Structure formats: structure tokens, C-alpha cells
Amino acid sequence: MGKIKKKFQNLRLGQKILLSNLVLFVLPCMVLMLLLFHLVQTGANERLNSSKLVILNQIDRNMEDMFQDIVSYTNYFYCNRELNRLISLREFRSPYEELVAKKNICSYFKESRAIYSNMDYNLRLLCDSGRNYSVEDDGSEYVDYPVLKELEQEPWYQKLGENTSSIKYIPAYVSSEFQKTEDNSAMRAVRLLKNLNSGRVLGIMEVNIPRKQVEDIFRGGVEKESQQVFLMDKTGKILCSTEESLVEQSVENGEYLKKLTGFDHGYFKAKMNGRPAQISFVTNETTGWKLVMYEEEKEAVWAGNRIFVMILLVASVYVLLAVIMSVYNSRYISRPVQKLKADMKNVYRGDLTVRTPVETNDEFGQLSMQFNQMIGRIEELIVRLEQEEEEKRGLEMQALQAQINPHFLYNTLASIRFLVEMDMAEQADQCLLALAKLLRRTYSDKRECIPVTEEMESLKNYLVLMENRYQDTFVWNIEVSGKVKDWLIPKISVQPLVENAIAHGFCQKEDTGHILIRAEAEGENLLLRVEDDGSGGDLEYIRRVLDGREEARSNEQFSGIGIRNVQKRLQIIYGEEYGISAEHTHKGGMRFDIRIPCRTRSEEHTSE
């Protein structure tokens with residue numbers, strides 16, 4: 001699977017589109033064709049099986065007609081009072097009387113043949129008196145009869161029931177005693193003989209139904225020689241069949257037998273003689289036995305050949321159209337993409353004058369138009385970046401000039417001279433060292449951003465100088481969280497805020513001022529806070545200066561030039577959502593917060 005995916009990924013766009021369209025259109029078409037073929041074949045088989053069920057139902061009705069004839073035939077003897085009287089006699093007074101009785105009974109048999117001339121059944125009366133009579137016994141030859149006492153011992157006899165006179169049909173094979181005298185039967189119709197007055201059981205009436213007669217009914221119903229019909233009892237034993245080799249065989253396949261005995265009618269696929277066949281079956285209401293028809297599928301007529309040819313023809317046309325459209329679509333899509341790819345390569349080489357012609361109004365035309373707009377936007381961004389870089393360099397230079405301007409140097413050196421004159425050599429030495437460090441870091445360090453610790457170190461040097469200059473005016477404290485020591489900050493970002501607090505925050509304060517500088521983490525951001533307890537200032541004016549809504553100017557309470565410079569540098573580097581915010585403290589002083597995203601040295605190198 002991985003190799004196939006890799007090969008597909010290495011194909012050209014046109015080839016991918018062509019292959020995808022073939023899969024999306026041709027494959028579903030083939031599946032649909034097979035599905036339609038299956039549906040047509042299934043429909044044809046259902047219609048064919050339904051017609052077979054119709055044939056079986058007709059055969060079943062013919063068998064019911066036969067059973068009804070047998071009922072009428074047996075009723076003729078069962079309801080004949082004279083016949084009933086004769087067979088009810090246990091003994092005759094003389095042999096002559098017995099001979100006369102037998103002659104009368106034979107006359108009833110002959111009379112029945114005249115009345116029921118269409119019925120050629122062998123009816124036998126087996127009486128408990130030991131005398132037996134048969135339609136075929138005309139006295140010309142010896143007739144062998146089954147023994148009633150033996151029959152009464154067989155299991156089927158126990159199911160007749162002494163309280164009923166209805167006919168029961170039993171398979172020929174279930175009675176070994178009957179088979180001794182008759183072996184060509186498919187089944188037997190058995191009925192108890194009773195005295196019409198007392199209801200006493202006199203014996204049984206048995207009608208032999210020949211196998212040939214049932215098979216003729218089967219053959220009269222089938223339409224083709226390939227269709228075979230057999231009658232199966234509830235145990236799966238085949239009683240008679242148009243296929244002679246199946247007679248007295250059993251359905252041994254448990255799955256087939258379960259389907260045959262589990263439903264009243266239906267059809268299913270099976271294997272007969274090792275070949276696939278279609279089985280249809282119905283249930284005879286009188287006996288509960290199954291009439292089964294089977295036909296090998298190779299002989300079955302499938303009515304969907306013409307429909308299949310039409311489906312195949314339509315599918316072929318569809319596949320051809322799908323291939324043509326796939327080729328067209330692959331070229332239609334890949335051609336503008338290839339043109340766009342060539343233009344992008346030219347842009348990659350540095351040619352921003354490239355423009356892709358917009359030839360259509362569809363998605364490819366919009367893509368080309370957006371590509372042209374993107375190139376134009378890139379040109380604008382490049383110009384803007386150049387301007388911002390130039391502005392940033394100017395702001396950095398202004399920050400440097402603001403930090404080390406001649407006025408600052410003059411005041412600082414004057415303060416050191418004063419210390420020397422006052423014979424305060426140690427303090428003078430400390431101030432000279434702080435000034436040297438501040439000048440070296442200012443002019444020698446070319447980095448744009450430096451770690452917080454280095455920024456705070458420069459701020460300490462600056463505060464040492466300011467503390468010497470403004471004796472006993474303020475005290476200061478710097479707190480740096482260990483987590484943010486190595487985080488980066490643009491250099492000279494905090495000093496203007498501290499300078500503003502010293503120069504303007506304490507000008508009207510009589511007692512000693514306090515300046516607190518804190519660096520800590522605030523979520524994913526770096527927070528630098530400069531807080532004083534000076535006289536505060538006009539907060540709305542300060543915010544307008546920070547937002548650029550008002551030009552910065554220097555007054556007695558706030559010098560916004562340096563702070564505005566820092567604000568612009570921070571927003572150029574990090575975006576307008578970052579920078580400086582101002583608030584009043586609860587003591588009336590000012591608090592400036594610098595918020596910038598967390599960046600370390602490794603991240604700075606990565607972004608570069």
C-alpha cells in the first residue's frame with residue numbers, strides 16, 4: 001500500500017487527475033453494471049421461481065383432487081349400511097351364507113367400478129373377523145392379504161385414533177406388513193372401519209395409491225424435461241419422483257432439509273448431483289408433505305439476455321465518455337496550473353514583475369488573479385519592510401543620541417568633578433566606572449535585542465550616575481525573576497521610562513522618591529514594570545502620546561519623546577498589540593508596563 005501511495009504521489013498533476021477520474025467514474029460504472037446485471041438476473045430468477053411455484057401449486061391441486069376422489073370412493077363403502085352389516089358379522093350360520101355375503105360384497109365392488117370408472121385404485125377391507133375383501137379379488141385366483149393383527153402393532157396404526165373415521169395417508173415404506181403384499185405403492189390411504197350403529201371398530205379400509213399414478217400427475221404439470229419433481233414426507237424421505245433414482249432416498253443435507261421443512265413454500269439454491277440447481281417447494285395441505293421441484297441452473301432459462309446486452313452497451317458508452325472527459329479535465333486543470341507553476345518559479349528567482357494572464361472567470365481565473373494580487377502585495381510589503389527598517393534604524397539612533405547626548409555627558413562629568421573636588425574619590429571612581437560601562441555597551445554592542453540581565457546592568461550604571469547627580473532625591477530597586485533573565489528585549493527600552501520618573505516624577509516631591517523596576521513573566525509574555533511614587537501626570541495625555549494620537553512634547557510632568565520612541569520601536573518589532581501601557585498607582589505616582597512576547601537567544605537565531 002505504501003509503494004502504491006508513493007508512486008501516486010510522484011505522478012504529475014494531469015496524470016493524477018486522469019487516474020482519479022477513471023477511478024471515480026469508470027470503477028463505479030463497472031460496479032453499477034455488475035449490480036444491474038445481478039438485479040436483472042435476480043429478477044429473472046425470481047420470476048422463474050415464481051412460475052415454478054405456480055406449477056407446483058397446480059400439481060398440488062391435482063393431488064388434492066386425487067385425495068378428494070379417494071374420500072368419495074371410500075365413503076361409498078364406508079356409508080353403505082348393507083356392506084357395513086355384512087362385514088360386522090363375526091360368524092355366519094352356514095358356509096352358504098358366507099358365500100352369499102362375499103358375493104354381495106363383490107357386487108358392491110363391481111358397482112363402485114361402474115360409478116367411479118376413472119379411479120383405478122385397489123381398495124381392500126381388512127376385518128377383525130379374519131375375513132378380507134378386495135376390489136381385485138374376483139375369486140378367480142388367490143389374493144394375498146396383510147395380517148390385521150400385525151398391522152395393529154405398527155406405529156402408524158396407533159396414530160389413527162379410534163374416535164375418528166377420517167382418512168390418514170401414510171408412506172408406503174412405513175408398513176412392512178403392507179409391503180409384503182404390495183410393493184409398487186407411493187402411499188396408502190387408511191381409514192378405520194366402524195359399525196355404523198355401535199361405533200365398534202371392525203377393521204381398516206386401505207386404498208393403495210400407485211407410484212406411477214402420482215408420477216403421472218407430476219409429469220402432467222412440468223413444462224420441461226429438465227424440471228424434476230418429487231414428493232417428500234416430513235422425515236425427508238422421497239416417496240415418489242419423476243427421477244426414478246431418487247425414490248426411497250432421503251434428503252441428507254441438513255441445511256436443505258431445514259429449509260424444506262421450516263417453511264410452507266419457497267425456493268433456494270442448492271446442489272443436485274454435484275451441480276448448482278434451483279429448488280422450489282410447496283406444502284400439501286392434506287398430508288403435510290412437500291412437493292419439491294428442482295432444475296439445474298445450466299438448463300434454466302434466463303430472461304435477461306437482451307437487457308444485459310443493453311446494460312453492457314450503455315456501460316461501454318459511459319466508460320468511453322468518462323475516458324474522454326477525464327483526458328479533457330486533466331488537460332484543462334493541469335495547463336493553467338503548469339503556467340502558474342512557471343510564473344511562481346520566476347518569482348522565486350526574484351522577478352516580481354511577473355503577472356499571470358487571467359483568461360477565465362472560474363476558480364483557475366480567480367487563482368491567477370489572487371496570485372497577481374499576492375505578488376503585488378509582496379512588493380508592497382517589501383517596500384514597507386524597507387521603510388520600517390529604515391525607520392527602526394533612525395529610532396535606534398535617536399535612542400542612542402537621547403541616552404548619550406552632550407547635555408547628559410556634561411552634567412555627568414560635572415557631577416564627577418564635584419565629587420573629586422569634595423575629595424570623594426571612591427564615589428567619583430564608581431561614577432567613572434559606570435559611565436565607561438554605559439558608553440562601551442552603547443557604542444560597541446551592535447545587537448538589536450539583548451538579555452534582560454544585560455539591559456538591567458546598563459540600567460544600573462545609568463541609575464548610579466543619576467543617583468550621584470540628584471543627591472538624596474530618590475532611591476531605586478531592581479527585581480528580576482530568574483525565569484526571565486535570559487529572555488530578550490530591545491536595548492535601551494527601559495531607560496527612557498526611568499529617566500522620565502527621575503526628571504519629571506520627583507520635581508515637585510519634597511521627600512525622597514522611590515523607583516521600582518521589575519522584570520517577570522506574565523503567561524507567555526515578558527512584563528517590564530517601572531513604578532514610582534512621584535507626582536504622577538496627565539494620564540490621558542500620556543496615553544494619547546503612546547497611541548500616536550498626539551505629538552510628544554516635553555513639560556514639567558512628562559517627557560514623551562523618548563517614551564514614544566520606545567513605543568514605536570516595540571510595535572515595529574513585535575506588532576501593535578504589544579508595547580507600553582501607563583497607569584496611575586494608588587500612591588499617585590506613575591506605572592509604565594512594557595509587554596512583549598517571550599523570546600530567547602535560540603528563538604532569535606531561528607527566526608533569523
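As the structure is a computational prediction, the values presented were derived from the model and not from experiment. Quick note: numbers below take in every heavy atom, side chains included, and nothing from hydrogens, waters or symmetry partners.
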Grab the two heavy atoms, one from [X] and one from [Y], that are nearest each other, plus how far apart they are.
X      : Y      : answer
Ser280 : Asn49  : OG-OD1, 3.7 Å
Ser250 : Lys237 : OG-CD, 3.4 Å
Pro146 : Arg124 : CD-NH1, 3.5 Å

Inset, instruction - Quickly, which of Arg188, Lys168, Arg191 forms a salt bridge (charged side-chain N to carboxylate O under 4.0 Å, His left out) with Glu206? Name it, please. - result: Arg188
Inset, instruction - Flag yes if more than 12 heavy atoms outside Glu244 fall under 6.0 Å of its CD atom; otherwise flag no. - result: no
Inset, instruction - Mark yes when over 12 heavy atoms from residues, nucleotides or ligands other than Glu577 sit less than 6.0 Å from its CD; otherwise mark no. - result: yes
Using modelled atom types only, decide if a donor and an acceptor are shared between the side chain of [X] and the backbone of [Y] within a distance under 3.5 Å.
X      : Y      : answer
Asn84  : Ile87  : no
Asp60  : Leu56  : no
Glu177 : Val147 : yes
Gln158 : Glu152 : yes

Inset, instruction - Could you walk me through whether Phe230 and Val247 pass side chain to side chain contact (heavy atoms under 4.5 Å, CB included), step by step? - result: CA-CA 8 Å; Phe230 63 81; Val247 177; over 6 Å; no
Inset, instruction - State which residues pass ring pair (Phe, Tyr, Trp, His ring centres under 6.0 Å) with Tyr256; sequence neighbours excluded, sorted by chain then number. - result: Phe268
Going by an N to O cut-off under 4.0 Å, is there a salt bridge joining [X] and [Y]?
X      : Y      : answer
Arg61  : Glu64  : no
Arg377 : Glu380 : yes
Glu255 : Lys258 : no

Inset, instruction - Show your working on side chain to side chain contact (heavy atoms under 4.5 Å, CB included) between Tyr73 and Met205 and close with a plain yes or no. - result: CA-CA 11 Å; Tyr73 188 46; Met205 181 188 302; over 6 Å; no
Are [X] and [Y] packed together at the side-chain level, in the sense that at least one heavy-atom pair is separated by less than 4.5 angstrom?
X      : Y      : value
Ile238 : Glu243 : no
Ser241 : Phe218 : no
Val201 : Asp128 : no
Thr287 : Met63  : no
Tyr267 : Gln278 : yes

Legend entry - Set of side chain to side chain contact (heavy atoms under 4.5 Å, CB included) partners for Glu97, sequence neighbours left out: Phe92, Arg93, Ser94
